[in-house]
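Step one of this worksheet: look at the structure below.
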Amino acid sequence: MANFEIWVLAMCLIFQSGYGFYLPGSYPHKYIVGDPLSVKVNSLTSIDTEMPFSYYSLPFCRPQGGVKDSAENLGELLMGDRIENSPYKFKMYTNETEIFLCRSNKLSADHFDLLKKRIDEMYQVNLILDNLPAIRYTKKEGFTLRWTGYPVGVKVQDVYYLFNHLRFNVLIHKYEDTNVARVMGTGDAAEVMPTDPKGSSDVPGYMVVGFEVIPCSVVHDANLVTKLKMYEKYPSPIKCDPTAVSMPIKEGEPMVFTYEVAFELSDIKWPSRWDAYLKMEGSKVHWFSILNSLMVITFLAGIVLVIFLRTVRRDLTRYEELDKESQVQMNEELSGWKLVVGDVFRAPSSPSLLCILVGDGIQILGMAIVTILFAALGFMSPASRGTLITGMLFFYLILGIAAGYVAVRLWITIGCGDHKGWISVAWKAACFFPGIAFLILTILNSLLWGSHSTGAIPFSVFVILLLLWFCISVPLTLLGGFFGSKAPHIEYPVRTNQIPREIPAQKYPSWLLVLGAGTLPFGTLFIELFFIMSSIWMGRVYYVFGFLFIVLILLVVVCAEVSLVLTYMHLCVEDWKWWWKSFFASGSVSIYIFLYSINYLIFDLKSLSGPVSATLYLGYSLFMVLAVMFATGTVGFLSSFWFVHYLFSSVKLD
């Protein structure tokens, strides 16, 4: 136990000074009454277009000192987040009303059309205070709905109204000095950590535990504010009624922006302040998904058990009890897997491609398991934007060594110990999947660049990704390939005949069975897939990584069992070409995931507008599906390889 505590302390010290991970509840910041609080803005987002845009692309008020970018990590940039400062400023525990923000210039035709377009496309404004996104509550049919951000405006009877007055409600909790060790934090948290060496626990202070916004559309007299400066009091009372709109936008007329803020003491404690965002809705559905997966696994495990105990063991026992002459006679009479003993380890077609796919699959699968495990342990919470993507990228790069090792060792095994060409296989393993990813991202990025979206990856980030690829991933993959070439190859338990055995005509195409096998892994995944898709495309927060980790492990087990059963079925009908079929038996789940993605686009993203948005959706879905195919196919192939090796190593031949 002491060793574990030392390890935790060491990790804390390593990450303390950098922009590390953020554990919800580990960074309480004490604000004294009157301390300044600054609101930040993120990109405008919409589930209609899936293309984020900069907040200041619209004619909103700008900060007095100019717009400044906040510290962003690689994951934030890849996700399209652009966090900037805003003119909204508060004072801790100081209620203020009717604060004048700014009077815009007269709306040009371009800005007028752009505002109408953003309102039509249902764009949301995303604000952040003390690392908490602004949350908005609405009521519908007796239910309270939670939203992050607020809409730019609304269209009523062909008239466009702008939400130009914001009512903020900041929930605060009295500061409790829990002597929490400084653990890990984001850039925001690192900036505001208390630095008073003497400590100021005797001074009453407060922590921000909630940030709510109520947008209102209020008519302002632009002539009354011509001489007002930012943060001065608006000359007349402002009535904020969220159920009514009254500020239409008109070309050639200026817009006036105001806000008010109220602070409210709350019983919510610091560790629970993210509960409003991370509330796990439909937990019974997640449990049902897991129960459904367990039933599929149990069913398949029963089949595997029957194969091993009743069929394989029985046949082997009978085979070994006979003398040599009887074995020869039995071989002539029997059919099935025992007759393909001289062909079962015959090299498959395109062996180098198979090695590359399996190597890349190991890399992707390892990345998924480690990333989801870290996320389930709380190291990659939504409080630290971008760390999930950054973590995935980091683990993928590091696991290049595993990809090279597996690809090269499999290549040498297929070649029966021949090392020729292993460098080429390692190179291709290092470049195959990343090359496909860069091709897809470049095409999609060109569409985003053409739309001037903040979702477009900046050119500098593209250069960084290329450097990470060729300076870290490729060398590690080649290093793994070197270790794989030095490792002893897996020896086949039986000899391969020089002349391949003819495969009998089948009653049905074997590939039909292979494609159908993907339905079982998909059955374990599709419920969780809905929540993942909703998180990516509907802007919902996904944080049930514990469930996801369980589902991932169950998926791996199902893929292994499906491929193993199918391989045995093929061998029983004397079809010894099992290599690729075992890969696609479990890898075919990706086909059903892609079909589900199309179904989700048609029925759940009905409002998705424009060919660019649909192309982005399908492009990212294709990228995800390829990664799933590589990972699940690898699981199926390796389980089948182990099964075939175990099966035929039990057969005694002269």
Side-chain angles (χ1 to χ4, degrees), residues 39-60 62 67-86 111 114-128 131-136 147-153 163 187-188 213 215 277 382 384-390 440-462 465 532-542 601 605 607-621 623-624:
V39 176
K40 295 183 179 181
V41 291
N42 204 341
S43 301
L44 304 172
T45 55
S46 168
I47 61 172
D48 265 22
T49 65
E50 301 298 347
M51 289 190 292
F53 289 96
S54 170
Y55 173 82
Y56 294 108
S57 64
L58 294 180
F60 292 140
R62 292 173 174 262
V67 178
K68 298 175 183 176
D69 291 335
S70 292
E72 293 173 317
N73 58 45
L74 188 59
E76 280 182 286
L77 292 170
L78 293 174
M79 289 294 291
D81 288 340
R82 297 293 183 273
I83 300 175
E84 299 162 312
N85 59 336
S86 82
H111 276 149
L114 187 60
L115 269 173
K116 289 197 300 181
K117 184 180 180 184
R118 295 290 179 259
I119 292 172
D120 280 335
E121 293 170 341
M122 298 174 61
Y123 268 87
Q124 302 277 320
V125 178
N126 300 293
L127 305 176
I128 302 168
N131 210 31
L132 280 178
I135 197 168
R136 176 171 58 96
W147 309 84
T148 51
Y150 67 92
V152 172
F163 290 119
D188 288 350
V213 61
Y277 307 87
S384 184
R385 282 167 295 275
T387 52
L388 187 65
I389 299 296
T390 306
I440 294 174
L441 288 178
T442 302
I443 294 171
L444 299 181
N445 215 48
S446 62
L447 296 175
L448 290 168
W449 269 331
S451 303
H452 305 288
S453 168
T454 57
I457 302 172
F459 180 75
S460 57
V461 176
F462 247 100
L465 291 175
I532 295 170
M533 300 285 277
S534 297
S535 171
I536 297 172
W537 302 109
M538 303 289 281
R540 298 171 188 168
V541 177
Y542 185 89
L601 172 64
L605 292 178
S607 58
L608 198 67
S609 59
V612 174
S613 300
T615 304
L616 289 171
Y617 174 84
L618 292 174
Y620 287 125
S621 297
F623 174 64
M624 177 183 71

*Could you give the distance from CE (M122) to CD1 (I47), rounded to the nearest 0.5 Å?*
5.5 Å
_pair M79-P52: side-chain heavy atoms closer than 4.5 Å_ = no
*Looking at CE of M624 and CD1 of I532, how far apart are the two atoms once the value is rounded to the nearest 0.5 Å?*
8.0 Å
*asked:* Is any side-chain heavy atom of L58 closer than 4.5 Å to one of V125?
replied: no
*Please report the shortest heavy-atom distance between T454 and S43, naming the atom on each side.*
OG1-OG, 3.2 Å
_Could you report the tightest heavy-atom contact between L127 and Y150, atom names first, then the distance?_
CD1-CE2, 3.8 Å
*Any idea which heavy atoms bring G75 and I389 closest together, and the distance?*
CA-CB, 3.9 Å
_Using 0.5 Å steps for rounding, measure from the OG1 atom of T45 to the CZ atom of F53._
11.5 Å
*Got Y620 and L441 here, is their nearest side-chain heavy-atom distance under 4.5 Å?*
yes
*Yes or no on side-chain contact (heavy atoms from CB on, under 4.5 Å) for F462 and T442, after CA distance, side-chain angles and deciding distance?*
CA-CA 9 Å; F462 247 100; T442 302; 3.7 Å; yes
*Verify the neighbour count for atom CE of M533: are there more than 12 heavy atoms of other residues, nucleotides or ligands below 6.0 Å?*
yes
*Kindly compute the distance separating OG1 (T390) from CG (N73), expressed to the nearest 0.5 Å.*
4.0 Å
*Does N85 reach the main-chain N or O of K40 with its side chain, forming a donor-acceptor pair under 3.5 Å?*
no
_To the closest 0.5 Å, what do you measure between OG1 (T615) and CD (E50)?_
13.0 Å
*Dump the intermediate steps for side-chain contact (heavy atoms from CB on, under 4.5 Å) on L74 and L465, then the final yes or no.*
CA-CA 9 Å; L74 188 59; L465 291 175; 4.2 Å; yes
*Which pairs with one or both residues in residues 114-124 pass side chain to side chain donor-acceptor pair (under 3.5 Å), sequence neighbours excluded?*
T49-Y123, R118-E121, D120-Y160
*Side chains of M51 and L448: closer than 4.5 Å at any heavy-atom pair?*
yes
_Among V41, V39, I83, the one residue meeting side chain to side chain contact (heavy atoms under 4.5 Å, CB included) with I128_ = I83
*Over all atoms of both residues, closest heavy-atom pair of F163 and P151*: CD1-O, 3.1 Å
*Distance-only, no hydrogens or angles: does the R136 side chain make a donor-acceptor pair with backbone N or O of V213 under 3.5 Å?*
no
*In Å, rounded to the nearest 0.5 Å, how long is the span from CG of N445 to CD1 of I443?*
11.0 Å
_Sub-4.5 Å side-chain heavy-atom contact between I457 and L77_ = no
_4.5 Å side-chain heavy-atom contact, S451 and V612_ = yes
*Could you tell me which non-hydrogen atom of D48 sits nearest to which non-hydrogen atom of S613, and how far apart they are?*
O-OG, 4.3 Å
